[in-house]
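Input: a single structure, listed below in structure tokens.
Just so we're clear, the structure is a prediction, and the values are computed from it rather than from any experiment. Letters A, B, ... are given to chains in the order of the sequence lines, protein chains preceding strands, and every chain is numbered from 1.
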Amino acid sequence: MKKSLWILVVFLMLGFCFNSNVYAGEIDVLLDVLVEQGVLTPIKAEIVRDETKKRVAEELAQGKHPNLPEWIQTTKLKGDLRLRHQWSKKDGAEDRNRGRYRFRLGLESNVADNFKVAAGLSTGGTDPRSTNQTMTNNFETADIRMDYAYAQYQPKSWATIYGGKFTRKPVLWQTGDLLWDGDINPEGVAVALTRSASDDVNLFLNTGVFVLDESSSDTSDPVMYYAQPGMKWDMGDGMSLKMAVALYGFNSLKGKGNLDHSAGTNSLDAAGNLMYDYNTINPEIELSIKEPLGGLVPYAAMFGQYVHNPNPANEGDGYLAGIKFGAKKVKKSGQWQAKYMYRRLEKDAWIDAYPDSDSYGGETGIKGHEVVFTYGLAKNVTLGLDYYYMENITGPTIGENIVQTDVEFKF
Amino acid sequence: MKKLLMLIMVISSLMFAHSSSAQEMLQIKGSDTLINLVQRLAEDYMEANPGKYIAVTGGGSGTGVAALINGKCDIANASRLMKSKEVAQASDNGVSVNRVVIAMDGLSVITNGNSTVTQLTVNEIGKIFRGEITNWSEVGGPSMSITLYGRQSNSGTFVFFRDAILKGDYSQKMNRMNGNAQIVEAIKQDKSGIGYVGVGYVKEATGLNVLKVASRVGETYASPLNSADVKSGKYPISRPLNQYVNGNPTGDLKNFLAYELSNIGQQKVEEEGFFQIPVEYEELNAKAGL
């Protein structure tokens, strides 16, 4: 076949490829054939391959791919399923074995330039600190609840505004779950700002107002407002330091009864109302290192968080210190991460409705150890082992051991 | 506490709302393979153009690409191609990436100067770095364990070599070095060693074997030191060395890129041990107005 005819075939086929939902692998095969036939040089093929990949990536990112419905390009779906066996034993009580599962499904859609909407459904009851469903009640069907639903507006590249019931991570940075259980998705309004101070230093500020309760018979509904200025410094040689200080303020909390889903461990007055304010200060710090020890492990980090409540004379402090190493995130087969944390959270250091619910039932007035090991069984499939030993700080010591064995599937 | 909290919220908001001042210096960041070459080009350009300032820093291709995506540099040096995910992130951030190729590299597989193994196929190299071949006797050498030297994961060379040659994961036993120069020095000291570096780091080096490589058994073995074989792609581990910019370059940025691609710039490319770009990449660069 003449070379010019081959070139015609090439362009017809490439044209066909671009107008069909063809996979990159098929274009690779086609280009390889054309190189073998001498129609294209290897370099020309590499350029076409790269430009095709770039064009498709940009079109998909902008929702402008000509052959896919716009909603598919502008909407992302994600979810996960976690299967868990949990063994727990508290001193003086019988041990307990539970089969549990968690299913979450979320979507995020670009509704217009700079505007996004996201929503997620999850198993679990009304407890904001747990999305687990225990296997029980003779195959009873499980509840699905609204885990989060929010709108996001980004007027500038450095500013994002969130409203509704949103995920916490983008609006409040925490190195551990001393204060905030990972399942809590706050409600209200929040703003996340970020700015470069130099090539290596990024500043950020998270701030917002969270609505805690609403009562038709009481005009002073409790709200929480916070500001968290912080910075991340890329120190070179794969080292980075991130730190922040969160300041929390609460309206209409002291002198009222416990919030919903309280663990019941904060101090109460004789009338059964909260004895103290919880306007607290919460510094966070994390030092991370890529490939330390000559690349022996790909990633390591040391982290810590502290909380101080100035209102009570005693029992108003808490801290968590930890170390993790292995893969930064376990996503693929054979990757692993090990993590150790020690925590101490005094009785009135923080509201007892928010700490990690697996640490002694989410109570305050506790201390103890947690060790986590995660291993990648396959792409997006992990095996996790999580061991807790926690005990109460005051009174006769009652320890609790928990072992959670998880298999988690993400999609 | 409440007043303090409000004060911090207000002051911080004002600070973040304040615009940053315009950059007066071209910022170039990224590949360690490219850093010596681009520093040389930048120094010569500044000498020829008083009053123009260019800062060149390394950190790896991933670092440079991330900086470009986040608007923290003008040029990202990359010894690999940008990934689809990175292109999409850039697009999300309003950055329209344009690729400029400034040099060709024959990524060189090196052994100690005393090694008797002088050539390998791509398949054999892949097996060695995946940890499936662990003794030199399996590829015609003496009975001696193989010691692997490679780069860290933020390196474009690490990614390129993995994707183009290994097509799998590196052996867990590979020593992960900070840069090309460290690999060269390690191999010089280690009779059992094998590593990969940009050709610019071995052209003048002594005490090393630069291996000839064939695409497969039966094909001709080619050397990365042969300019024609690298440019034509006959040497199977040749690769373009890229610079990514946001949109079509203008002003000082365009002038510097044009200098890199000029006859004088390309001469310096050769002097630094790399190879001038072939005509296909000249056509690609022309699309960016260069």
Side-chain angles (χ1 to χ4, degrees), chain A residues 24 35 40-47 49-51 53-62 156-159 191 193-200 202-205 207 225-229 234 236-238 245 247-249 251 277 279-281 290-291 294-296 298 310-311 332-334, chain B residues 1-2 4-6 8-9 11-13 15-18 20 27 29 55 57 59-60 63 67 70-73 81-94 96-97 99 101 104 150 152-154 169 172 174-178 231-234 238-240 278-281 283-284:
Chain A
V35 170
L40 294 178
T41 65
I43 290 173
K44 197 74 182 173
E46 184 268 331
I47 292 171
R49 186 180 286 118
D50 181 51
E51 289 196 329
K53 188 178 73 175
K54 175 175 171 265
R55 179 172 145 188
V56 171
E58 285 180 335
E59 285 177 347
L60 289 173
Q62 295 164 9
K156 300 284 182 186
S157 61
W158 47 269
V191 179
L193 307 175
T194 179
R195 201 76 169 168
S196 292
S198 72
D199 274 0
D200 304 319
N202 265 341
L203 304 177
F204 64 88
L205 171 69
T207 184
Y225 45 93
Y226 73 99
Q228 185 187 43
D234 288 324
D237 293 331
V245 179
L247 299 168
Y248 302 95
N251 263 356
D277 275 322
N279 301 326
T280 51
I281 182 168
K290 283 182 186 170
E291 299 178 346
L296 200 63
N311 192 205
K332 293 193 288 190
S333 171
Chain B
M1 175 67 92
K2 288 180 184 175
L4 175 65
L5 183 54
M6 294 302 292
I8 288 174
M9 290 168 75
I11 291 174
S12 300
S13 299
M15 183 183 77
F16 278 85
H18 184 263
S20 63
Q27 299 283 345
K29 200 180 265 282
T57 55
T63 304
N70 294 312
K72 289 183 179 174
C73 71
L81 298 174
M82 277 182 73
K83 300 169 187 171
S84 294
K85 190 178 173 183
E86 292 168 335
V87 173
Q89 284 173 345
S91 184
D92 278 346
N93 286 2
S96 173
V97 289
R99 176 188 173 201
V101 179
M104 290 296 291
Q152 295 179 324
S153 61
N154 59 344
D169 286 330
Q172 299 276 357
M174 184 177 79
N175 295 293
R176 298 183 179 213
M177 315 299 279
N178 284 329
K231 285 183 187 176
S232 67
K234 189 176 174 186
S238 62
R239 60 175 177 169
V279 66
E280 291 96 328
Y281 288 126
E283 291 167 5
L284 175 72

Residue among B/Arg99, B/Met82, B/Glu283 with most heavy-atom pairs under 4.5 Å to chain A: B/Arg99
Engaged part of B/Lys29 at the chain A interface, taking heavy atoms whose separation is under 4.5 Å: side chain
Within-4.5 Å side-chain heavy-atom neighbours: A/Glu46 and B/Leu81: yes
B/Gln152 CD to B/Met174 CE distance, which is reported to the nearest 0.5 Å: 9.5 Å
Greater than 12 external heavy atoms within 6.0 Å of A/Asp237's CG: no
A/Lys156, part contacting chain B, at a heavy-atom distance under 4.5 Å: neither
Sub-4.5 Å side-chain heavy-atom contact between A/Lys290 and A/Pro298: no
NZ/A/Lys332: more than 12 non-hydrogen atoms of other groups inside 6.0 Å: no
Residue pair A/Asn279 / A/Pro310: nearest heavy atoms and the distance that separates them: O-CD, 3.3 Å
Segment of B/Val101 engaging chain A (4.5 angstrom heavy-atom cut-off): neither
Heavy-atom pairs under 4.5 Å with chain B, option from A/Lys54, A/Gln228, A/Glu51 with the top count: A/Lys54
Region of B/Asp169 in contact with chain A, defined by heavy-atom distances below 4.5 Å: side chain
Segment of A/Asn202 engaging chain B (4.5 angstrom heavy-atom cut-off): side chain
A/Asn311 versus chain B, the contacting section by heavy-atom distance below 4.5 Å: neither
